[in-house]
Amino acid sequence: MSVKEKILIVGAGLSGAVIGRELAQEGYKVDILDARNHIGGNCHTVRDETTGVMVHVYGPHIFHTDDAEVWDYVNGFTTFMPYKNRVKTTSGGQVFSLPVNLHTINQFFGKTFRPDEARVFLEEQADKTISDPQTFEEQALRFVGNDLYEAFFKGYTQKQWGCSPTELPASILKRLPVRFNYDDNYFFHKFQGMPANGYTEMIEDILDHPNINVSLETSFRRDQVAGYAHVFYSGPLDGYFDYELGRLGYRTLDFERFTYDGDYQGCAVMNYGDVAVPYTRITEHKHFSPWEEHKGSVCYREFSRACGPEDIPYYPIRLVEEKAQLADYVGRAEQEKDVTFVGRLGTYRYLDMDVTIREALDTARLYLARRHEGTAMSAFLHAPL
Ligand SMILES: Cc1cc2nc3c(=O)[nH]c(=O)nc-3n(C[C@H](O)[C@H](O)[C@H](O)COP(=O)(O)OP(=O)(O)OC[C@H]3O[C@@H](n4cnc5c(N)ncnc54)[C@H](O)[C@@H]3O)c2cc1C
């Protein structure tokens, strides 16, 4: 087979699987490799042998989108069950509903406000001395005032990002983070659900094509590029260049797994807003599959911290310093021939699953169009900065 027909994809997560499938269907021979011993990337799910619970190994994943094509795409590979994410938070010794909504406000302040009354009340709480908020803290104080900020935003944000909200930009909190009704559905999207048998089975089906060959526990080497018509790389952007310009900053997560005989917390996600509690949340995985019944339970206590060289990079930090470093890596990437950087790690962005799939579909289509025209494929679908 000629090199022209062979494609290498680094990473068997959603990005790699979707690009691989699209190109395999067009007749390309696709080699996919992944350093891990399983497919699915961070969406990997596995059924716990003892309890039978479907566990989201790298943290909970809820599918939500307004993109009808993406929704049809995933439903073409698996059955989605209805699932709405309803998050609770423990703060100051009480349990509240999130996102902050009318129920939260009424419970927190001991009121029975109707929507308009709550709106007026919150305007009174807001710190109007802040005219041009620069930091996350100033933005939150201007939107919701000190009491709600302290209970629902300050501690959680501090634990999540490992720094004071006074050091984070106001842009993180773009809109008023409060609802003046009793809607506690965490996401606004039209299509929401959970794959009936987990994400790994869905990704297995995406990869199930005679033109796709997957090698696990196989790390990418840069000298492999020459053997292929094109490489789609969904590993870390800085990792591709052996971290020559330093490491892009990430937050990592530690999951402290524990089991429970029964129902541990009565919901899938319980946040912990108090700084004194070292973890950010507890997830109870059987509640992500409410159509199943399991006596036993598997839970994760989730801790956030700075990502070291041996840790799994989860959330890109993307503050001023990281953006400057990113610009340097983007410059290097644009010099590479026949390599396109994709996915959450390849573009150093937080991407939800639906956006990941949308970009993977668009990337494969752009590649096919460029091949058709005889022009070179770009290093990125969208500029990562
Ligand atoms: C804690 C957490 C919760 C999330 N929850 C949600 C959610 O509720 N809803 C939602 O829509 N999205 C969620 N996401 C986002 C979701 O995880 C991503 O959209 C998705 O994983 C992106 O897929 P990807 O293929 O780009 O990256 P990944 O899933 O990271 O896959 C990349 C793959 O590349 C492999 N790889 C890397 N480097 C190399 C190398 N050098 N050689 C070989 N293989 C390599 C890795 O092993 C990995 O398998 C969440 C993310 C996190 C971190």
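Ligands are counted one by one from 1 in listed order, and the atoms in each one are counted from 1 as well. Any value given below was found using the heavy atoms of this structure, including those in side chains, with hydrogens, waters and symmetry copies removed. Predicted, not measured: the structure shown is a model, and the values here were computed from it.
- Looking at ligand 1, you'll find an N or O of M353 within less than 3.5 Å of one of its N or O atoms.
- Of the possible polar contacts, one joining the T340 side chain to the S378 backbone as a donor-acceptor pair under 3.5 Å is found.
- Nearest protein neighbour of atom 24 (P) of ligand 1, counting heavy atoms only, is S15 OG, 3.4 Å.
- By the 6.0 Å contact criterion, CD on E292 is enclosed, its count of non-hydrogen atoms from other residues, nucleotides or ligands being greater than 12.
- Ligand 1 has no nitrogen or oxygen under 3.5 angstrom from a nitrogen or oxygen of V10.
- Summarising the geometry, atom CE belonging to M194 is positioned 10.0 Å from atom CD belonging to Q192; distances are rounded to the nearest 0.5 Å.
- Using cut-offs of 30° and 60° on the angle between ring planes, the pair Y83 and F288 is tilted.
- Among all protein heavy atoms, the one lying closest to atom 42 (N) of ligand 1 is F220 N, 3.1 Å.
- Aromatic ring centres of F232 and H230: separated by under 6.0 Å.
- Residue contact check for ligand 1: G239 places no non-hydrogen atom closer than 4.0 Å to it.
- A perpendicular orientation is assigned to the rings of Y233 and F341, their planes being inclined by more than 60° (bins at 30° and 60°).
- Evaluated for a salt bridge (charged side-chain N to carboxylate O under 4.0 Å, His left out) with R365, the options E69, E26, E359 yield exactly one hit, E69.
- Short contacts between ligand 1 and N42, defined as distances under 4.0 Å to a heavy atom of the residue, involve ligand atoms 17 (O), 21 (O), 28 (P), 29 (O).
- Counting heavy atoms under 4.0 Å from ligand 1, residue D352 touches it through both backbone and side chain.
- Of all protein heavy atoms, the one closest to atom 48 (C) of ligand 1 is D34 OD2, 3.5 Å.
- Atoms of ligand 1 found under 4.0 Å from any heavy atom of G11, numbered from 1 in the order shown, are 33 (C), 34 (O), 35 (C).
- Remark: minimum distance from atom 14 (N) of ligand 1 to any protein heavy atom is reached at Y350 OH, 3.2 Å.
- In this structure, K295 NZ and D263 CG are separated by 12.0 Å, a value rounded to the nearest 0.5 Å.
- The atoms of ligand 1 that sit less than 4.0 Å from any heavy atom of G343 are 26 (O).
- Those atoms of ligand 1 with a heavy atom of P236 less than 4.0 angstrom away are 37 (C), 38 (N).
- Aromatic ring pairs are classed by plane angle as parallel below 30°, tilted from 30° to 60° and perpendicular above 60°; the pair F191 and W71 is parallel.
- Atom OH of Y186 has 12 or fewer heavy atoms from other residues, nucleotides or ligands within 6.0 Å.
- Not one N or O of F255 is nearer than 3.5 Å to an N or O of ligand 1, by distance alone.
- The ligand atoms of ligand 1 that sit less than 4.0 angstrom from a heavy atom of G13 are 25 (O), 31 (O).
- Taking a cut-off of under 4.0 Å to the non-hydrogen atoms of G235, the atoms of ligand 1 that pass are 37 (C), 38 (N).
- Side-chain atoms of E201 do not come within 3.5 Å of backbone N or O of G198 as any donor-acceptor pair.
- The protein atom (non-hydrogen) at minimum distance from atom 53 (C) of ligand 1 is Y314 CD2, 3.2 Å.
- Polar contact with ligand 1: present for T356 (N/O pair, distance under 3.5 Å).
- Those atoms of ligand 1 that come under 4.0 Å of a heavy atom in L351, given as number and element, are 15 (C), 16 (C), 18 (C), 19 (O).
- Ranking protein heavy atoms by distance to atom 9 (N) of ligand 1, first place goes to I62 O, 2.8 Å.
- For ligand 1 and L253, the ligand atoms under 4.0 Å from any heavy atom of the residue are 1 (C).
- Look at D34 and R36 and you find no salt bridge, because none of the NZ, NE, NH1 or NH2 atoms lies under 4.0 Å from a carboxylate O.
- Contact annotation: for T218 versus ligand 1, heavy atoms closer than 4.0 Å belong to the backbone alone.
- Residue-to-ligand polar distances keep Y233 apart from ligand 1: every N/O pair is separated by 3.5 Å or more.
- Counting heavy atoms closer than 4.0 Å to ligand 1, residue P60 contributes backbone atoms (N, CA, C, O) but none from C-beta onward.
- Nearest non-hydrogen protein atom to atom 2 (C) of ligand 1 is Y315 OH, 3.5 Å.
- The number of heavy-atom neighbours closer than 6.0 Å to CZ of F188, taken from other residues, nucleotides and ligands shown, is 12 or below.
- Among protein heavy atoms, atom 51 (C) of ligand 1 sits closest to H61 NE2, 3.7 Å.
- Residue E244 places its CD atom among more than 12 non-hydrogen atoms of other residues, nucleotides or ligands, all under 6.0 Å distant.
- Linking ILVMFWY residues whenever their side-chain heavy atoms come closer than 4.5 Å, directly or via other members, places I203 and L361 in the same cluster.
- For the pair A35 and ligand 1, the shortest N or O to N or O distance falls below 3.5 Å.
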